[in-house]
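What follows is one structure encoded as structure tokens, with my remarks underneath.
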2 protein chains.
Amino acid sequence: MRKPLSADMFDELCPSSLNPIRFGDKWAALVIRCLESGPRRYSELRVPLSRVTPKVLTQSLRSLERDGLIKRTVHTDTTPRVEYELTPLGHSLLEPMAVACAWTEQHWDELLDARESYDNATRLHQTG
Amino acid sequence: MRKPLSADMFDELCPSSLNPIRFGDKWAALVIRCLESGPRRYSELRVPLSRVTPKVLTQSLRSLERDGLIKRTVHTDTTPRVEYELTPLGHSLLEPMAVACAWTEQHWDELLDARESYDNATRLHQTG
DNA sequence: GGCCGTGGTTACCAACCGGATACCGGTTAT
DNA sequence: ATAACCGGTATCCGGTTGGTAACCACGGCC
């Protein structure tokens, strides 16, 4: 719950752009997964999402907020900080995400194979 | 099964670009739904997808074929024709799609409301 | 006063996606 | 012969997405 997010949470892995199933924009799904275990500060999110520049992370967060999937709270007590957390609506998205994730894990190899043979076939068709 | 696809299959409806959950490119999910009931010819697909230009439809079909989700068959017997049909892999995608679709139907209003109030709030913040 | 950390913003830019329009090569029907 | 149909291509183009780099307002702290 209050465990910090590890920097290699999405290491190497997560070629989300290759996945035919997408939730929101490019990084939205990863953001949501980061918030699964409770509210997080902007700087906390930046740790596992180090490949995402602040601008793009903010874009993603704003977009999720706009859709009512996450809630942004500015705390002014003691030290000023901003926390992001899943709304009930955002939480409800975890189910279809899990199903999609299961499908991807199950068929990932098949998908890559299909692409490779398709690309090989079309390349042959072009050059020879 | 052999019923023709109706032209208003996706009429009015299906602002898929607003849906946070997406399968493949802009039209892929609709193409898949068209193929649910069996193989279809290119010209058959163009009926419900009349808003999609031939180039874009071809792009979508190629992309789905590349991922091994659909199979393209050129028939040379009697009358030449091209048929597209779901592969087993493509068929397996129907389950996560159904889950995603259920989520969207269930939360669509909530989503639109969230956007509207967010946009109103930010607009107020800008002008006033 | 100067510096640091937080949570961003701004300006600029390249790539990609999707769309409009026009055209095309082969086959069948007339 | 020629016209229509089928299954696309070719070309161009504008809008959006995502990325880089630089900057910034605010408060706390030394």
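Quick caveat, the model's predicted, so the values are computed rather than measured. Letters go in sequence order (proteins before strands), and every chain restarts at 1.
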*Heavy-atom donor-acceptor pair, B/Ser60 side chain to B/Leu57 backbone, under 3.5 Å*: no
_Could you write out DNA chain D as dot-bracket? Rules: Watson-Crick or G-U wobble, both distances under 3.5 Å, brackets [ ] for crossings, | for pairs with another strand, dot for unpaired._
||||||||||||||||||||||||||||||
_If I take atom NZ in residue A/Lys26 and atom P in nucleotide D/dG18, what distance separates them, rounded to the nearest angstrom?_
7 Å
*Integer-rounded Å distance: C/dG18 C1' and B/Leu49 CG*: 14 Å
*asked:* Tell me whether A/Arg46 is salt-bridged to A/Glu44, with the criterion being a basic N under 4.0 Å from an acidic carboxylate O.
replied: no
*B/Glu85 with B/Lys71: basic N within carboxylate O range, under 4.0 Å*: yes
*Is a side-chain donor or acceptor of A/Arg115 paired with a backbone partner of B/Gly68 at a separation under 3.5 angstrom?*
no
*To the nearest angstrom, how far is A/Leu57 atom CG from C/dG8 atom C1'?*
10 Å
*In the hydrophobic clustering (ILVMFWY, side-chain contacts below 4.5 Å, transitive), which residues join B/Val99, or is it alone?*
A/Val99
_Can you measure B/Arg51 atom CZ to C/dG19 atom C1' for me and round it to whole angstrom units?_
13 Å
*asked:* Using whole Å, what does the distance between atom C1' of nucleotide D/dG18 and atom CZ of A/Arg22 come to?
replied: 10 Å
Produce the list of close N/O pairs, under 3.5 Å, pairing protein atoms with atoms of nucleotides 4-13 of chain D; give distances to one decimal.
| unit_1 | atom_1 | unit_2 | atom_2 | d |
| --- | --- | --- | --- | --- |
| D/dC6 | O3' | B/Arg41 | NH2 | 3.3 |
| D/dG7 | OP1 | B/Arg41 | NE | 3.3 |
| D/dG7 | OP1 | B/Arg41 | NH2 | 3.2 |
| D/dG7 | OP1 | B/Val82 | N | 3.3 |
| D/dG7 | OP2 | B/Ser43 | N | 3.1 |
| D/dG7 | OP2 | B/Ser43 | OG | 2.7 |
| D/dG8 | OP1 | B/Arg72 | NE | 3.4 |
| D/dG8 | OP1 | B/Arg72 | NH2 | 2.4 |
| D/dG8 | OP2 | B/Tyr84 | OH | 2.6 |
| D/dT9 | OP1 | B/Arg62 | NH2 | 3.0 |

*Do B/Leu86 and B/Leu93 come close enough that some side-chain heavy atom pair is under 4.5 Å?*
no
*Any donor-acceptor pair under 3.5 Å from B/Tyr118 side chain to A/Ser63 backbone*: no
*Okay, side chain of B/Asp67, backbone of B/Leu69: is any donor-acceptor separation there less than 3.5 Å?*
no
